[in-house]
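From a predicted model like this one, the values you see are computed outputs, not experimental measurements.
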Amino acid sequence: MKFAFLGAYLLVMFGIGLYALLRIRQPADFFVASRRGGIWSVTGSLLATVLGSSAILGSVNLSISQGWAAAWFLLSGAAVMLALLPLAGRVSRYGRFTLPELLGDFYGKEAKWLASLLI
């Protein structure tokens, strides 16, 4: 029974991936959903990426040993994201989707590859 559930789950995930693959026509379709996302879906996606399960599980472990002081980990991350919000318009003018792409535009291909390797 467990393997049937796992197999069905994998088939559903593969189907979703195939459906998404067939809808992607350009990089903007993949990276920013063709720029059709509303403020709540984009914010939710960004928070899920930055404050994902690894950060939450890590902060739970930290909170066991440090108590409420561990809340600063997630709160400061959210505050930094809000502080960077004014830069979003300026960055979007460049039409790039990743930090290595931006660095490549400013500093050349070597910086793009180095940033890609570091990330």
*asked:* Distance check, rounded to the nearest 0.5 Å: Leu6 atom CG versus Leu11 atom CG?
replied: 10.0 Å
_Using 0.5 Å steps for rounding, measure from the CD1 atom of Ile16 to the CG atom of Leu21._
13.5 Å
*Could you grab the distance from atom CH2 of Trp113 to atom CG of Leu103, nearest 0.5 Å is fine?*
13.5 Å
*asked:* Quick check for you: to the nearest 0.5 Å, what is the distance between Leu10 atom CG and Phe3 atom CZ?
replied: 11.5 Å
*Spell out, yes or no, whether Leu114 and Leu99 are grouped together once hydrophobic residues are joined by side-chain heavy atoms under 4.5 Å, including indirect joins.*
no
*Between Leu87 and Leu82, is there a shared hydrophobic cluster once you connect ILVMFWY residues whose side-chain heavy atoms come closer than 4.5 Å?*
no
*More than 12 heavy atoms from other groups under 6.0 Å of OH on Tyr9*: no
